[in-house]
Amino acid sequence: MKADQQFLRDEFFKIYGDMATEPVLFYSPGRVNLIGEHTDYNGGYVFPCALDFGTTLLIRRAQRHEIRLNSINFPGEVVIPIVLNYLPVPKSWTNYPVGVINEFARKGIAVPGLELLFYGDIPNGAGLSSSASIEMVTAVAVNELTGAGLEMMEMVKMSQKAENGFAGMNCGIMDQFAVGFGKKDHAINLNCDTLEYRYAPLMLGNRRLIITNTNKRRGLTDSKYNERRSECERAVELISEHHPVRNLSQLTVSDLWMLDAYIADPVVRKRAKHVITENGRTLDAIKALEDNDIELLGKLMNESHDSLCTDYEVTGTELDTLVYEGRKLPGVVGTRMTGAGFGGCTVSIVENSRADEFIRKLGEIYTAGTGLTADFYLPGIGDGARKVESL
Ligand code: GLA
């Protein structure tokens with residue numbers, strides 16, 4: 001459901017009363033990554049874009065010295081006193097906004113009493129960065145209300161820290177970055193080592209993006225994710241005994257021999273191989289889009305999934321069914337998992353004229369193969385986190 005401003009305003013006043021003071025409105029998108037998966041925390045390249053669905057926040061200063069958090073999506077109010085050091089609450093959605101408020105507090109920025117109402121239309125746990133979206137909408141709102149004047153990049157880093165510390169997910173910077181820096185109709189080519197970035201117009205001609213949600217509950221994603229991260233760190237340690245490297249992205253495909261030579265553990269070797277080859281594919285994909293070679297972009301997306309399936313082992317039956325069955329359908333230029341994996345979504349480039357058929361046929365095949373029902377989204381590419389006058 002798209003956010004309806006009047007409805008949200010009514011809900012806000014129902015909860016908080018005092019209709020004399022209008023709340024201020026902020027909006028932050030979700031994201032989809034086109035290619036460059038599990039490279040961000042290895043100092044590599046990513047190529048995400050912000051979506052045209054996301055999180056809306058209505059916020060105003062409160063009289064009382066406390067922070068009141070409500071969400072249309074998650075029933076029940078959470079009220080916390082203003083302190084200098086906030087603590088996470090197990091399994092609560094409020095860890096995302098409170099983690100960000102904690103980062104402001106840690107910088108010595110006095111956060112006043114606040115009343116907040118969130119509404120998100122990003123499916124939760126689907127790998128489309130609903131959490132980064134909540135973090136970033138909180139960051140831009142608190143930045144504005146406190147007059148802190150922080151730059152977007154600073155808020156991206158603070159939101160990443162909030163996710164690491166409060167949600168226990170040792171994520172890289174891609175999600176918060178894409179959500180913060182998104183630009184309508186553009187993908188963002190980000191070097192996660194230097195944080196240099198460039199926008200590339202996402203012109204797909206007679207083709208479009210389709211996102212497919214496996215609707216598989218992700219469960220162990222965070223612990224598996226953190227495990228992959230440690231495996232990559234292990235690879236860096238082992239290679240560094242012979243050839244000093246800061247991260248895996250300092251190596252290219254011409255260095256792949258080092259993996260055989262220096263890493264005895266076949267699992268760690270495969271993980272490193274994925275990261276190194278994925279960086280190469282991502283750079284090639286960025287060039288392919290710039291050259292308007294969408295067929296090549298699609299081919300690289302397919303190869304990316306193969307590598308995530310075989311070498312990085314973060315896919316699973318549901319994602320693989322969507323991808324490998326989807327590839328057999330007419331008009332599919334490329335298709336791969338997007339985000340952390342283990343469930344969540346795929347992103348596909350499909351010819352416009354075949355989109356309906358893709359959705360119908362793949363939906364049927366997926367249900368027959370897995371017993372689950374997939375959801376399909378036809379996203380537009382939107383702007384990043386910001387204050388808005390209206391929705
Ligand atoms: C999650 C993380 C990101 C990134 C992706 C995988 O979305 O939050 O930082 O590592 O997984 O590419």
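Just follow the structure's listing: the first ligand is 1, and inside any ligand the first atom is 1. Any value given below was found using the heavy atoms of this structure, including those in side chains, with hydrogens, waters and symmetry copies removed.
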Task: Contact (N/O only, under 3.5 Å) between Thr39 and ligand 1 - done: no
Open item on the list: Give the atom numbers and elements of ligand 1 that come within less than 4.0 Å of a heavy atom of Gly339.
Closed with: 6 (C), 11 (O)
Open item on the list: With rounding to the nearest 0.5 angstrom, report the CG to NZ distance, Leu202 to Lys183.
Closed with: 12.5 Å
Task: For atom 5 (C) of ligand 1, the protein heavy atom that lies nearest, with its residue and separation - done: Met174 CE, 3.7 Å
Task: For Gly172, the ligand 1 atoms whose distance to one of its heavy atoms is below 4.0 Å - done: 9 (O)
- [ ] Examine ligand 1 and decide if any of its atoms is less than 4.0 Å from a heavy atom belonging to Arg31.
- [x] yes
Task: Shortest protein heavy-atom distance from atom 9 (O) of ligand 1, along with the residue and atom involved - done: Asp40 OD2, 2.5 Å
Task: Atoms of ligand 1, numbered as shown, that sit under 4.0 Å from any heavy atom of Cys171 - done: 2 (C), 8 (O), 9 (O)
Open item on the list: Test of understanding: clusters of I, L, V, M, F, W, Y form through side-chain heavy atoms closer than 4.5 Å, transitively. Do Leu145 and Ile80 belong to the same one?
Closed with: yes
Task: From Glu163, Glu278, Glu37 - option closest to atom 6 (C) of ligand 1 by heavy atom - done: Glu37
Open item on the list: One thing to verify: whether Asp291 and Lys287 come together as a salt bridge, which I'm taking to mean a side-chain N less than 4.0 angstrom from a carboxylate O.
Closed with: yes
Task: Lys299 and Glu295 ion-paired at < 4.0 Å - done: no
Task: Closest protein heavy atom to atom 1 (C) of ligand 1, given as residue, atom name and distance to 0.1 Å - done: Asp175 OD2, 3.6 Å
Open item on the list: Show the atoms of ligand 1 that are less than 4.0 angstrom away from any heavy atom in Tyr225.
Closed with: 1 (C), 2 (C), 3 (C), 4 (C), 9 (O), 10 (O), 11 (O)
Open item on the list: Under a 4.0 angstrom heavy-atom cut-off, which atoms of ligand 1 come close to Tyr41?
Closed with: 10 (O)
Task: is_close_aromatic(Phe177, Tyr197), centroid dist under 6.0 Å - done: yes
Open item on the list: In terms of relative ring orientation, are Tyr262 and His242 parallel, tilted or perpendicular, with 30° and 60° separating the classes?
Closed with: parallel
Open item on the list: Looking at Arg31 and Asp175, is any side-chain nitrogen of the basic one under 4.0 Å from a carboxylate oxygen of the acidic one?
Closed with: yes
Open item on the list: Tell me whether Lys270 is salt-bridged to Glu313, with the criterion being a basic N under 4.0 Å from an acidic carboxylate O.
Closed with: yes
